[in-house]
Amino acid sequence: MAKNRNDDFVTEITPKSTDFSRWYTDVVRRAELADYSPVKGCMVIRPYGYALWENARDLLDARIKATGHTNAYFPLFIPESLLKKEAEHVEGFAPEVAWVTHGGDNELEERLAVRPTSEAIICSMYSKWVQSWRDLPILINQWGNVVRWEKVTRFFLRTTEFLWQEGHTAHATAEEAQEETLKMIGVYRDFLEEDLGIPVVTGIKTEKEKFAGAARTYAVEALMSDGRALQAGTSHNLGQNFAKAFDIQFEDQNQEIQYAWSTSWGMTTRTIGALVMTHGDDNGLRLPPRVAPYHVVIVPIKAGNYEEEVLPAARRLEDLLRTAGLRVHLDDRAEYTPGWKYNEWEMRGVPLRAEIGPRDVKNEQTVLVRRDTRDKTFVPIAHVPGAAATLLDDIQTSMLATARQFMESNTHPVEDFDAFSEVMSGTRGFLKANWCGDRELEVEIQQKTSATIRCLLPDEEPTGPCFYSGKPAKHVAIFAKAY
RNA sequence: CGGGGCGUGGCGCAGCUUGGUAGCGCGCUUGACUGGGGGUCAAGAGGUCGGAGGUUCAAAUCCUCUCGCCCCGACCA
């Protein structure tokens, strides 16, 4: 029942259909997730945005620990000589590394890279820690920040400094390392789908797209509501590349010296951007309950016997919900009207709103309103915790279902380049096609359509010749225009 | 790094073509009345127009240089 939308309000957020980029920026700023900073390329994550990140981080951290990993912390700086040890790795990251050249007024003998990723520093430590097969596997994760000197800034999606976790493991066998790589891409998939409500496609990166220094890169790719793909997490099987470069050796059970097999995997604050672009609408954010800073916002209606009855009732409701383990916020600000608050909290994506006024106090009830559907339910106070929990579960499930339906209906099987081009110049989305695997043609397609191969689907067999070259296909590939 | 655009109270903008000493909306402050989908009225505060130089009696406006930001592309998570 949301018809009388105020024009002034609507103009604060550019409609998605008018200009998706502006819509995204407007939502991020108006919802107070982030703000520009005086530092070029760097953003400030504001308390509301950071609360969102903390919730997401905690859920992912629990999943990482549940799969046997422990957290540690390695230095922010990496000596140049260390970074240069793995050739492909340096080459891949060189253009975007920030260098520290001075300590105070003194020029350093060896400059220090501000980590763009930590393989080098971590692997150099692993080489000290690993001597025997008994020292393996090493299963370590780190939460931290990294710096990549990108040219362009977009909130959460591309900033010079960003927050992430990076897992680094070392194993005795190739099989174990491969198993780990797959296990972690699965952890990302589950986290994104179950906790963030973001459906993904899981697959393997092509040689062109894989991580610098990796033997094989797996990725989870999400489809944003403007039809562009966003890489939401990667897991790399590094083979023995880094073990050889950093000398991670051990003596096995047959008393032979072996190089270890390593993996690395990461997920960043970019997922917050994915969250906004997957679920947001023209009224602002929509947050999945599991990560929402507030599950429920209580709006007391200031009327009649407000101070004596309504506000105390609202406070009791707050206690009741908090005791039930929900994250609750009571918005008792006197300076705003209820209608203003409804819009404000919808804009900020709070999944459930509880309204309580004189009529509700009299009837010992509250009104629960869903952000996703705007459905209203009158609930007796005593039943509120249970009813809220049920609604939140339902919101979580239905947000994923809605997003999945969008992804599926925007995944287009194409059999020839004409069909491919037509989709790319229209609604875009994921294009699913048989692929010959020729790297040069991959570049050619990108130049013509700006679409890249997001991933190859490992579990699917080609159903015909390559859509582009007509040659025998080796893979089924997902193409898309990427963020 | 290539192409485009923008810098004017906290935010969003107008004014610039045709120079005359800055205005609107929102927000903010105080008070009163209000309050179930962004309330009403009244009284206020707040800007040397991104920066530097030049032209002129006079520059937000014209000229030169410079800095910053945003969007698209390329690169990336």
Side-chain angles (χ1 to χ4, degrees), chain A residues 1-14 19-22 24-26 29-30 35-41 43 92-97 116-117 145-166 188 205 208-209 211-212 217 219-222 229-236 264-274 283-284 299-304 306 310 332-347 353-361 366-367 369 374 376 378 443 446-447 450 452 481-483:
Chain A
M1 300 298 285
K3 30 193 196 288
N4 303 320
R5 309 301 300 176
N6 183 310
D7 287 346
D8 290 343
F9 172 68
V10 172
T11 56
E12 289 181 29
I13 296 178
T14 307
D19 183 340
F20 192 86
S21 291
R22 276 200 65 177
Y24 175 75
T25 305
D26 287 349
R29 295 193 72 185
R30 285 286 293 120
D35 203 353
Y36 300 116
S37 82
V39 190
K40 190 176 179 174
M43 67 172 183
F93 282 102
E96 53 192 58
V97 171
T117 177
N145 56 342
V146 286
V147 167
R148 296 183 188 178
W149 218 260
E150 305 282 356
K151 304 287 195 292
V152 193
T153 310
R154 287 201 77 190
F155 286 128
F156 295 107
L157 303 179
R158 201 187 298 107
T159 48
T160 301
E161 178 189 9
F162 57 88
L163 307 183
W164 76 343
Q165 63 63 221
E166 47 179 327
Y188 289 151
K205 288 289 178 186
K208 175 175 168 290
E209 301 280 333
F211 178 73
T217 290
V220 279
E221 295 281 334
L230 190 116
Q231 180 175 307
T234 46
S235 181
H236 316 292
S264 69
W265 25 274
M267 181 169 295
T268 79
T269 32
R270 185 178 238 196
T271 50
I272 302 299
N283 293 316
V299 178
I301 308 303
K302 197 173 179 189
Y306 179 74
V310 177
D332 59 359
R333 290 176 295 178
E335 61 269 33
Y336 295 109
T337 60
W340 192 94
K341 293 177 184 176
Y342 298 166
N343 285 293
E344 175 74 6
W345 291 111
E346 279 175 15
M347 196 264 301
R353 177 176 76 238
E355 303 172 14
I356 185 160
R359 291 205 298 270
D360 305 306
V361 172
T366 185
V367 187
V369 187
R374 282 225 182 75
K376 289 191 176 187
F378 292 85
V443 174
Q446 179 176 5
Q447 284 164 350
S450 82
T452 51
K481 184 179 164 75
Y483 266 96

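Naming convention: chains lettered A, B, ... in sequence-line order (proteins, then strands); numbering from 1 in each chain.
- If you take NZ of A:K302 and P of B:G35, they are 11 Å apart, rounded to a whole angstrom.
- Residue A:T159 is classed as a base contact, given a heavy-atom separation below 4.0 Å to a base.
- Annotation: A:F93 is in aromatic contact with A:F211 [ring centroid separation under 6.0 Å].
- Here B:G36 presents its P atom at 7 Å from OH of A:Y342, a figure rounded to the nearest Å.
- At a threshold of 4.0 angstrom between heavy atoms, the contacts of A:P95 with the nucleic acid are absent.
- The listed nucleotides are B:C28, B:C76, B:G12; the one nearest the side chain of A:R29 is B:G12.
- Aromatic rings of A:F155 and A:Y36 (six-membered ring for Trp) have centroids within the 6.0 Å cut-off, being under it.
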For RNA chain B, what string of dots and brackets results from 5' to 3' when Watson-Crick and G-U pairs need both distances under 3.5 Å, crossing pairs get [ ], and pairs with another strand get |? ((((((((.[[[[.)....(..]]]].((((((.....)))))).....[[[[[..)....]]]]])))))))....
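- If you take CG of A:L157 and P of B:C76, they are 16 Å apart, rounded to a whole angstrom.
- At a threshold of 4.0 angstrom between heavy atoms, the contacts of A:R333 with the nucleic acid are absent.
- Within the 4.0 angstrom heavy-atom criterion, base atoms lie near A:A334.
- Heavy atoms of A:F156 sit under 4.0 angstrom from at least one base atom.
- Residue A:V367 is classed as a base contact, given a heavy-atom separation below 4.0 Å to a base.
- Under the salt bridge (Lys or Arg N to Asp or Glu O under 4.0 Å) criterion, A:R22 pairs with no residue, sequence neighbours left out.
- Remark on RNA chain B: of its neighbouring residues A:W164 and A:R353, the 5'-side contact belongs to A:R353, judged by nearest-heavy-atom nucleotide.
- In this structure, the CD atom of A:E96 is 8 Å from the P atom of B:C76, given to the nearest Å.
- Within the structure, the salt bridge (Lys or Arg N to Asp or Glu O under 4.0 Å) test picks out no pair touching residues 152-166 of chain A (sequence neighbours left out).
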Check the interface with nucleotides 70-74 of chain B: list each N/O to N/O pair with the protein under 3.5 Å, or write none.
{"unit_1": "B:C71", "atom_1": "OP2", "unit_2": "A:T153", "atom_2": "O", "d": "3.3"}
{"unit_1": "B:C71", "atom_1": "O3'", "unit_2": "A:S21", "atom_2": "OG", "d": "3.4"}
{"unit_1": "B:C72", "atom_1": "OP1", "unit_2": "A:S21", "atom_2": "OG", "d": "2.4"}
{"unit_1": "B:G73", "atom_1": "OP1", "unit_2": "A:K481", "atom_2": "NZ", "d": "2.3"}

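- Residues satisfying the side chain to side chain donor-acceptor pair (under 3.5 Å) criterion with A:K481, sequence neighbours excluded, are absent altogether.
- Residues forming a side chain to side chain donor-acceptor pair (under 3.5 Å) with A:T160 (at least two apart in sequence, or on another chain): none.
- Between A:E209 atom CD and B:C75 atom C1' there is a gap of 11 Å when expressed in whole angstrom units.
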